[in-house]
Amino acid sequence: MMKTTAIALFGTRISPRFDCAREFMLITTTSDSAVTGQHTETINERIPSRKVRRLADLKVDTLICGGIDEPSRQCLSILGIKVLANKRGSVADVLSRCLSPSQ
Amino acid sequence: MANDHSIDKFSDKILDSIADGVFTVDQELNITSFNRSAEKITGVSRDEALGQKCFDIFRANICQTTCAIKQSINSGKEVINLRINILNAKDCKIPISVSTAVLRDERGNIIGGVSTFRDMSTIDNLRKELAKQYIFEDIISKNHKIHQILTTLPDIATSNSTVLIEGPSGSGKELFAKAIHALSNRKGKFIALNCAALPDTLLESELFGYKKGAFTEAKKDKKGRFALAERGTIFLDEIGDISPALQLRLLRVLQEKEYEPLGGTVTEKTDARVVAATNKSLTELVACGHFRDDLFFRLNVIKIVIPPLCARKDDIPLLVDHFIAKFNALKEKDIESVTPGVMTMLMKYDFPGNIRELENIIEYCFVVCHGPVITPEHLPAEFVDCLAAIINEQKGVTTAAPLVNAEAAVIMDALEKFNGCRVVTAEYLGIEKTTLWRKMKRYGIHYPTQKEGSH
């Protein structure tokens, strides 16, 4: 089964804050974490709940980000999106830790 | 070398004594120092912060766009008193005022930056209270149903459609109405009117205004609320209480977007967006013939139902924290929290007056509490009486001593929770162990003693 993971970006690093992130890397993986697709999506929504709605429209299953406020976290949960928050560092490092068959 | 070490220690002591947060970074924005106030405001320890990128620790709203300390490092210029917000270690937004400057070595080369910042939460709370300005983020809840509403609020806001908010008294209907206005693109004002507070004749003149000479006291023209809400939002609270005659007038405004002021001959146009609220079931009022069905259908375009506080008790701890912060700012106190015993009592209560009642209880506690923590002794007597009645009803007990039973019930619950450990129970209730023993003896509470320290 295919899964879509969104990573909030700040250049080549994980965005320190979800509501301030404008670019998201979307990665599609198979059940054994083989990457089948990857592209960067720009979401220029000022209001966090609209950003959440766009991620839901993009069929995101998991969001990886830095800090995230509780209302946004709750909205994502309601829409069925798993949140892996408070991640820091380069996208490559965090991806290799987060993208595993168990995630 | 020893002298340098002494100077560093001396500098650390000075920085740790400053109330403002202070930190320094190198040119790659790695944190090189982090004072005690910085730890307190961010909730991040010095050990954790040192060596990390400042944007990963502070998570400010400007980090990804116009980072102040980066600007200072790049330009050599200071940034003074910039208002921003950060996320603390608990992912709460904290408003701060930040100033930054460049750091240079003995030769004048830039080696990094320094930043000082101050927590502005108290001042912001005061300002909001004075201006009664609330925004989306001021709706305090982690309840699933409330968050479902919040998810759709931005779309509701930009739709310009009429909204009907149903919810019990004190549940925050006006807060939602203000959030809808704040999230909309409407440039005009938010104008509120409680329809139940005024008699019909006054209500009509308030809503539609009047012309000079319309009645004896009408010495000059006066704009009504619909005119004041031009290009904005008009909030009509307690809409279920308006008379049939006024219902008809309001129906015309919603249908035709026009009305006549009292005593006026010229029809005025309105583009005010209507948000109505009621604590009654308009459907039932329509069925009984007390509310026009055509008006109901005009109002019921988008309906928001706010659950009562008793249906979302998981919000009580959040709301208590919010009110403590608010009243600390307003009353210049420094109360930190309520005891677990007080929280237990609040969680048992059904709050027929909803959030407003909870706010009143906390405000009362603020008046009588002179220490850092609110204990059961600070709670209003009426609240304790009502709680006792609820507990007695649940346990099938009737008594002429409601206060006694409420306190006895809370002590029993606490002893059960901690397996009879008196030390932990006393700490949980915020009382001395000897006081606990005395109350247990007075109420005739017998509970097996466990070994102290095991619970």
With only heavy atoms counted, which part of [X] is less than 4.5 Å from chain A, the side chain, the backbone, both or neither?
X	value
B:Ile146	neither
B:Ala60	backbone
B:Ile86	backbone
B:Thr152	both
B:Lys53	side chain

[X] side chain near [Y] side chain, heavy-atom distance below 4.5 Å:
X	Y	value
A:Asn86	B:Arg59	yes
B:Gln64	A:Ser15	yes
B:Thr151	A:Gln74	no
A:Glu70	B:Lys93	no
B:Asp91	A:Arg73	yes

inquiry  = Under 4.5 Å from any heavy atom of chain B, what part of A:Leu76 do you find: side chain, backbone, both or neither?
reply    =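 For A:Leu76, there is no contact with chain B at all, as no heavy atom is under 4.5 Å.
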
Smallest separation among heavy atoms of [X] and [Y], with atom names:
X	Y	answer
B:Asn61	A:Arg17	N-NH1, 3.4 Å
A:Arg88	B:Ile57	NH2-CD1, 3.7 Å
A:Gly89	B:Asp56	N-OD2, 4.2 Å

How long is the gap from CG on B:Asn85 to CG on A:Asp69, to the nearest 0.5 Å?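 With rounding to 0.5 Å, CG (B:Asn85) is 9.5 Å from CG (A:Asp69).
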
Exercise. Around atom CZ of B:Arg46, are there more than 12 heavy atoms of other residues, nucleotides or ligands at under 6.0 Å?
Worked result: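 Yes - once you tally the heavy atoms of other residues, nucleotides and ligands closer than 6.0 Å, there are more than 12.
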
For this session: Could you tell me whether A:Arg22 atom CZ has more than 12 heavy atoms of other residues or ligands within 6.0 Å of it?
Result: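 Counting neighbours around CZ of A:Arg22, 12 or fewer heavy atoms of other residues, nucleotides or ligands fall under 6.0 Å, so no.
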
Q | Which residues share a ring-ring contact (aromatic ring centres under 6.0 Å, His included) with B:Phe323, sequence neighbours left out | A |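 For B:Phe323, no residue satisfies ring-ring contact (aromatic ring centres under 6.0 Å, His included) once neighbours in sequence are set aside.
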
Q.
So, using ring-ring contact (aromatic ring centres under 6.0 Å, His included) as the criterion, who are the partners of B:Phe55 when residues are at least two apart?
A.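 Residues passing ring-ring contact (aromatic ring centres under 6.0 Å, His included) with B:Phe55: A:Phe10.
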
